[in-house]
Amino acid sequence: MAPPIATAASTRPPRVPTARKRAPSRRPSPQLLYGTAAVVVVLGLWQLVAALRVKPAIVLPGPLDVVGAFEQLFSSATIWDDLLTSGKELLYGLVIATVIGLPLGLLIGWYRRLSYVANPLVTFLYATPRIALTPLLIIWLGIGDTSKIAIVFLMAVFPILINSASGVQNLDPAVLRVARCFGAGDLQIFRTIALPGSVPFIISGLRLAVGQALIGVFVAELSGAMHGVGMLMNNAGQQFQTSVVFAGLFIFAITGVVLTGLLRRVEQHFAAWRPDR
């Protein structure tokens, strides 16, 4: 008998079972779990102390009292004017501080002679309590929004400027020498090495600027403002509405947390842009 003819199916090599791809885990990260647990514990202890009335509610309101203050605030139309005013001052001040402080800091860090000229002025202005300039800014710019935006700008610009300059000045000199040995020009080195290497410093400066800008908004609105969250807190404090003061404080804190989270997203986006990746 003739041997059986091998078919295509019989000559096909046996299929090796492959491991199934596991679906990405949807479990929350430990950082989120521990952070949420810490916030819940602090709020619980705060509510317990407030419920025991160790201090009167007019001195130490509990979280439920603050929630009631939020409901009272957002049931009125004036809170939206306050939020709009404070948000405009914060946004304009931060944007102007970034537009001026970021390129100026990069230039100061890149050009040594410019740093020799600018460092004494920057150090003097940074060491000066800028909040003390509020009366002068009101005299020069008036009591309107311009003086308040100027206060926010002064509070936010120096962290951005100083951190941007430090980012460029802390670059590895060996990397710069190698780039110049291969014929790279100043503009190319600045674009491909200096700027990516300064991203962590720039983001850190922006984070610090957010906190300083929020302080500037609060301080600016204490000086003859018609609207604003700082003015709201000041009026509530004079009327012993402590829960409303806490509500305004939480508005500032939540704004800072949100802006800091956005900046962390930006930092993660540019993480692959660093030269050491």
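Atom set for the values below is all heavy atoms of this structure, side chains included, hydrogens, waters and symmetry mates excluded. Predicted model, so just to flag it, every value in this text is computed and none were measured.
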(request) Kindly work out whether a path of hydrophobic side-chain contacts (I/L/V/M/F/W/Y, heavy atoms less than 4.5 Å apart) joins Val229 to Tyr92. (result) yes
(message) Apply the hydrophobic cluster definition, ILVMFWY joined by side-chain contacts under 4.5 Å directly or through others, and give me every member besides Val41.
(response) Leu45
(request) With side-chain contact (heavy atoms from CB on, under 4.5 Å) as the test, would you mind laying out the steps for Leu73 and Leu232 before giving the verdict? (result) CA-CA 10 Å; Leu73 287 175; Leu232 172 71; 4.0 Å; yes
(message) With clusters defined by side-chain heavy atoms of hydrophobic residues (ILVMFWY) lying less than 4.5 Å apart, directly or transitively, does Phe252 cluster with Leu84?
(response) no
(request) State plainly whether one hydrophobic cluster holds both Leu208 and Phe218, where clusters connect Ile, Leu, Val, Met, Phe, Trp and Tyr through side-chain heavy atoms under 4.5 angstrom apart. (result) no
(request) State, to 0.1 Å, how close Gly228 and Ser86 come at their nearest heavy-atom pair, and which atoms those are. (result) CA-OG, 3.4 Å
(request) Decide whether Val42 and Phe70 are clustered together by the hydrophobic rule: side chain heavy atoms of Ile, Leu, Val, Met, Phe, Trp, Tyr closer than 4.5 Å, transitively. (result) no
(request) Tell me, with the steps shown, if Asp82 and Met231 meet side-chain contact (heavy atoms from CB on, under 4.5 Å). (result) CA-CA 8 Å; Asp82 296 331; Met231 183 274 302; 3.8 Å; yes
(request) Verify, without hydrogens or angle tests, whether Lys148 (side chain) and Ile143 (backbone) share a donor-acceptor contact under 3.5 angstrom. (result) yes
(message) Does any part of the side chain of Val199, heavy atoms only, come nearer than 4.5 Å to the side chain of Ile203, both counted from C-beta?
(response) yes
(request) Verify, without hydrogens or angle tests, whether Arg265 (side chain) and Gly261 (backbone) share a donor-acceptor contact under 3.5 angstrom. (result) no
(message) Contact between Val67 and Pro63 at the side-chain level, heavy atoms closer than 4.5 Å - yes or no?
(response) no
(request) Take the angle between the ring planes of Phe246 and Phe250 and call it parallel below 30°, perpendicular above 60°, tilted in between. (result) tilted
(request) I would like to know whether Phe158 and Gln212 meet side-chain contact (heavy atoms from CB on, under 4.5 Å); could you show each step before the answer? (result) CA-CA 10 Å; Phe158 288 101; Gln212 293 295 313; over 6 Å; no
(request) Supply the atom-to-atom distance Ser164 OG to Ile108 CD1, rounded to the nearest 0.5 angstrom. (result) 9.5 Å
(message) Given Ile149, which partner from the list Ile96, Leu154, Leu91 fulfils the side chain to side chain contact (heavy atoms under 4.5 Å, CB included) test?
(response) Ile96
(message) With a 4.5 Å cut-off on side-chain heavy atoms, are Arg112 and Gln169 touching?
(response) no
(request) For residues Phe153 and Ile100, determine if any side-chain heavy atom of one lies less than 4.5 Å from a side-chain heavy atom of the other. (result) yes
(request) Might you point out which heavy atoms bring Leu60 and Trp46 nearest each other, and give the distance in Å? (result) CD1-NE1, 3.8 Å
(request) Answer yes or no: is there a donor N or O on one side and an acceptor on the other, between the side chain of Thr242 and the main chain of Ile58, under 3.5 Å? (result) yes
(request) Test side-chain contact (heavy atoms from CB on, under 4.5 Å) on Leu214 and Leu259 and set out the steps. (result) CA-CA 11 Å; Leu214 289 171; Leu259 292 178; 5.6 Å; no
(message) Whether the side chain of Asp65 engages the backbone of Gly62 through a donor-acceptor N/O pair (distance < 3.5 Å, no angle test) should be reported.
(response) yes
(message) For the backbone of Val152 and the side chain of Glu89, can you confirm whether one donor and one acceptor N or O come within less than 3.5 Å of each other?
(response) no
(message) Tell me whether the count of non-hydrogen atoms from other residues, nucleotides or ligands lying under 6.0 Å of OH in Tyr111 goes above 12.
(response) no
(message) Show the nearest heavy-atom pair for residues Thr98 and Ile160, with the distance to one decimal.
(response) OG1-CD1, 3.6 Å
(request) Could you tell me whether the side chain of Met155 reaches within less than 4.5 Å of the side chain of Ile131, counting heavy atoms only? (result) yes
(request) For Ala209 and Leu94, work out which heavy atoms get closest and say how close. (result) O-CD2, 3.9 Å
(request) State, to 0.1 Å, how close Val157 and Gly101 come at their nearest heavy-atom pair, and which atoms those are. (result) CG2-CA, 3.9 Å
(request) Flag the pair Leu64 / Gln47 as yes when at least one side-chain heavy-atom distance between them is below 4.5 Å, and no otherwise. (result) yes
(message) Checking the side chain of Thr123 only, and the main-chain atoms of Pro120 only, is there a donor and an acceptor separated by less than 3.5 Å?
(response) no
(message) Quick check: is Leu83 connected to Leu222 through a chain of hydrophobic side chains (ILVMFWY, heavy atoms under 4.5 Å apart)?
(response) yes
(message) Show the nearest heavy-atom pair for residues Ile79 and Ser76, with the distance to one decimal.
(response) CG2-O, 3.3 Å
